[in-house]
Amino acid sequence: MTARRPYEELTDLEKVQKQWHKLSGLHTREEWSAAIVRAATAAEIAANFAVRREFELNSEFDSEFVDSLLRWANGLAGKLDRLLIPLSETDKTKNKKMKALKKVAGEINTKRNAIAHQGEFCNEYEAKTAIAQAKEFISTLVQIYDPKFVLKTRKP
């Protein structure tokens, strides 16, 4: 039996996958609201991955500075508006994809915030919709940097 690495030692993409596996279990147990929060968390971690890749490819900033920018950007919308969209301005194709992702991110954030900040409970349809949006967001964003990336769903 192999020892599992602590969560904080995982890469961003490993964390995305771990969150996605966790939400599969929550969805199976009909914990719709919790599954939505996990899906939104996975989407935000995917945004972290994208921001880190942008800085790796286009700067010499160290990881501590990039981490401080991720905290400053605060949330999925902030990471798109304050970091990814401005960072991609010199690449028209990438910038267009980032701007298109902004709408999906807004929908994911709205549902997540209603659960986290207003105590909203969601039904199965809302969970399936939010999870599909998060999957679209994650796949589209990560594949800009890693075209072979596939978000793996755990079998129930």
Side-chain angles (χ1 to χ4, degrees), residues 1-54 66-67 69-88 93-156:
M1 187 167 142
T2 59
R4 290 187 180 166
R5 287 186 317 190
Y7 184 80
E8 58 275 358
E9 292 179 14
L10 300 177
T11 66
D12 286 329
L13 293 184
E14 289 169 331
K15 289 176 181 178
V16 167
Q17 195 61 66
K18 193 165 188 95
Q19 293 291 327
W20 206 256
H21 283 172
K22 183 70 174 177
L23 86 81
S24 299
L26 292 166
H27 196 271
T28 301
R29 291 189 304 276
E30 300 182 5
E31 296 180 34
W32 315 123
S33 299
I36 291 169
V37 171
R38 286 287 176 179
T41 300
E44 188 166 343
I45 295 168
N48 292 350
F49 164 79
V51 169
R52 286 191 176 100
R53 287 294 293 145
E54 279 295 327
V66 175
D67 287 346
L69 290 175
L70 289 169
R71 285 188 299 278
W72 165 77
N74 189 27
L76 190 55
K79 289 171 186 173
L80 276 165
D81 292 339
R82 294 178 175 179
L83 295 170
L84 289 170
I85 291 172
L87 286 168
S88 66
T93 303
K94 190 187 299 183
N95 190 256
K96 186 176 179 181
K97 287 181 183 180
M98 295 297 180
K99 287 179 178 177
L101 285 172
K102 183 177 168 133
K103 180 180 186 291
V104 178
E107 292 171 7
I108 293 166
N109 246 10
T110 297
K111 186 53 73 179
R112 178 227 170 256
N113 288 346
I115 295 165
H117 300 296
Q118 299 161 344
E120 180 177 302
F121 288 97
C122 298
N123 61 37
E124 182 178 11
Y125 173 78
E126 292 169 306
K128 284 183 177 181
T129 300
I131 290 166
Q133 290 170 325
K135 185 174 186 176
E136 173 190 349
F137 178 89
I138 293 164
S139 297
T140 302
L141 181 60
V142 173
Q143 287 173 0
I144 292 170
Y145 303 94
D146 182 355
K148 294 180 182 177
F149 176 79
V150 175
L151 192 57
K152 296 175 190 92
T153 303
R154 216 178 240 176
K155 306 250 188 291

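Worth knowing before you read on, the calculation uses all heavy atoms, side chains too, and leaves out hydrogens, waters and symmetry mates.
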### Query
Are any side-chain N or O atoms of Glu54 and backbone N or O atoms of Leu84, one a donor and one an acceptor, separated by less than 3.5 Å?
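Checking the backbone N and O of Leu84 against the side chain of Glu54, no donor-acceptor pair under 3.5 Å is found.
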### Message
Using only atom types and a distance under 3.5 Å, with no angle test, would you say the side chain of Ser88 pairs donor to acceptor with the backbone of Ile85?
### Response
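Yes.
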Mind listing the closest non-hydrogen atom pair of [X] and [Y] along with its distance?
| X | Y | result |
| --- | --- | --- |
| Leu80 | Ala105 | CD1-CB, 3.4 Å |
| Ala39 | Ile131 | CB-CG1, 4.1 Å |
| Cys122 | Ser33 | N-OG, 2.9 Å |
| Leu151 | Ser139 | CB-OG, 4.4 Å |
| Val150 | Gln17 | O-OE1, 4.0 Å |
| Ala73 | Leu83 | CB-CD1, 3.6 Å |

### Message
Show, in sequence, the C-alpha distance, side-chain angles and deciding distance for Tyr145 and Leu13, and conclude whether the side chain to side chain contact (heavy atoms under 4.5 Å, CB included) test is met.
### Response
CA-CA 11 Å; Tyr145 303 94; Leu13 293 184; over 6 Å; no
Interatomic distance, [X] atom [atom1] to [Y] atom [atom2] [nearest 0.5 angstrom]:
| X | Y | atom1 | atom2 | value |
| --- | --- | --- | --- | --- |
| Thr140 | Gln143 | OG1 | CD | 6.5 Å |
| Gln133 | Glu136 | CD | CD | 7.5 Å |
| Glu120 | Ile36 | CD | CD1 | 7.5 Å |
| Phe149 | Leu141 | CZ | CG | 9.5 Å |
| Asp146 | Arg53 | CG | CZ | 8.0 Å |
| Leu76 | Thr41 | CG | OG1 | 10.0 Å |

### Message
Using the side chain to side chain contact (heavy atoms under 4.5 Å, CB included) definition, which of the options Lys79, Arg112, Gln19 pairs with Glu44?
### Response
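So, applying the side chain to side chain contact (heavy atoms under 4.5 Å, CB included) to Glu44 and each of Lys79, Arg112, Gln19, only Lys79 qualifies.
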### Task
Could you please spell out the steps behind the side chain to side chain contact (heavy atoms under 4.5 Å, CB included) verdict for Ile45 and Phe49?
CA-CA 6 Å; Ile45 295 168; Phe49 164 79; 6.0 Å; no
### Message
Run Trp20 and Lys152 through side chain to side chain contact (heavy atoms under 4.5 Å, CB included) and show every step you take.
### Response
CA-CA 8 Å; Trp20 206 256; Lys152 296 175 190 92; over 6 Å; no
### Message
Assess the residue pair Leu70 and Arg52 against the criterion (side chain to side chain contact (heavy atoms under 4.5 Å, CB included)); give the C-alpha distance rounded to whole Å, side-chain angles, the decisive distance to 0.1 Å, and a yes or no.
### Response
CA-CA 9 Å; Leu70 289 169; Arg52 286 191 176 100; 3.5 Å; yes
### Task
Determine whether Arg82 and Trp72 make a side-chain contact, defined as any pair of heavy atoms from C-beta on separated by less than 4.5 Å.
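SC-SC contact between Arg82 and Trp72 confirmed.
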### Query
Is Glu107 salt-bridged to Lys103, cutoff N-O under 4.0 Å?
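Here Glu107 pairs with Lys103 in a salt bridge, since their nearest N and O are under 4.0 Å apart.
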### Task
May I ask you to decide whether Glu14 forms a salt bridge with Lys18, counting only side-chain N to carboxylate O separations under 4.0 Å?
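A salt bridge is absent here (no side-chain N lies under 4.0 Å from a carboxylate O).
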So does [X] have more than 12 non-hydrogen atoms from other groups sitting under 6.0 Å from [atom1]?
| X | atom1 | result |
| --- | --- | --- |
| Lys102 | NZ | no |
| Tyr125 | OH | no |
| Lys128 | NZ | no |

